[in-house]
Amino acid sequence: MWKPSQTGAVTPVSTPEPYRPAPTPSAVESPNRVPALTADQASIGKGLLVKGEITGSESLFIDGKVEGNINLPGNRVTVGRNGQVAANITAREIVILGKIRGNISASDRVEIRAEGSLTGDVTVARISIEDGAFFKGGIDIRKPEVKPAVPGVSATPETAKPTQF
């Protein structure tokens, strides 16, 4: 504090705060956030109803209604929070935040998030069902195909080493 009896001005020396831009919403990640759309992902908005068969070579985000079959074997199918699907789905990866009624088959994995609902059978290599998710159906775990280490030799149960626990 400056007192008139002091010689010279006493002012506190402070360095200004450096400018830090606020993070954009897309830069902030949240564990329950739906993946951002990319150039190779199609989207069905919440105001759309699609009836029929969907096939293609890119990933699909569904936030509307779909009835029929979805066949995207090498890609991801994400059913958003508003999504309602009455279809059989074949994909590499399936993420469920909305509702699916039908059988699904994934070559890699299936995730049923806490707010997701699935009524139907699942055929998959890996599955994750969060607390609070709804699932009614059967699960068939398919192990990924084992590639032989030596060309010409098949890795069948007879030649594979048994796993001991």
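Here, residue 1 is the first one in the sequence, and each next residue gets the next number.
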A.B. asks: Between the main-chain N or O of R113 and the side-chain N or O of E130, is there a donor-acceptor pair closer than 3.5 Å?
C.D. replies: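 No; zero donor-acceptor contacts below 3.5 Å.
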A.B. asks: With sequence neighbours left out, write down each residue that passes side chain to side chain donor-acceptor pair (under 3.5 Å) with R142, or none if nothing qualifies.
C.D. replies: D140
A.B. asks: Would you please name every residue forming a side-chain contact (heavy atoms from CB on, under 4.5 Å) with A86, sequence neighbours left out?
C.D. replies: E67, R101
A.B. asks: Taking only residues two or more places apart in sequence, or in another chain, which ones meet D108 in a side chain to side chain donor-acceptor pair (under 3.5 Å)?
C.D. replies: R126
A.B. asks: Are I141 and I112 linked, directly or through other ILVMFWY residues, by side chains that come within less than 4.5 angstrom of each other?
C.D. replies: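 Same hydrophobic cluster.
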A.B. asks: Let me check something: do I94 and L72 share a hydrophobic cluster, defined by ILVMFWY side-chain heavy atoms less than 4.5 Å apart, either directly or through other members?
C.D. replies: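 Looking at the clustering, L72 is in the same group as I94.
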A.B. asks: Taking side chain to side chain donor-acceptor pair (under 3.5 Å) as the definition, give me every residue that meets it alongside D63, ordered by chain and number, with sequence neighbours left out.
C.D. replies: N82
A.B. asks: Just grab all the side-chain hydrogen bond (donor to acceptor under 3.5 Å, both in side chains) pairs involving residues 83-98, residues at least two apart or on different chains.
C.D. replies: R76-E93, E93-R109
A.B. asks: Hey, does L60 have a side-chain heavy atom less than 4.5 Å from the side chain of I62?
C.D. replies: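 A side-chain contact exists here, since the closest heavy-atom pair is under 4.5 Å.
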A.B. asks: Would you call V79 and L97 a side-chain contact if the rule is heavy atoms closer than 4.5 Å?
C.D. replies: no
A.B. asks: Is F134 reachable from I139 through a run of hydrophobic residues whose side-chain heavy atoms are each under 4.5 Å from the next?
C.D. replies: no
A.B. asks: Test your reading of the model: is there a side-chain donor-acceptor pair from D40 to the backbone of E58, 3.5 Å cut-off?
C.D. replies: no
A.B. asks: Shared ILVMFWY cluster between I127 and V95, side chains joined below 4.5 angstrom?
C.D. replies: no
A.B. asks: Do any pairs count as a salt bridge (charged side-chain N to carboxylate O under 4.0 Å, His left out) and have a residue in residues 45-57, sequence neighbours left out, and if so which ones?
C.D. replies: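 Passing the test, one end in residues 45-57: no pairs.
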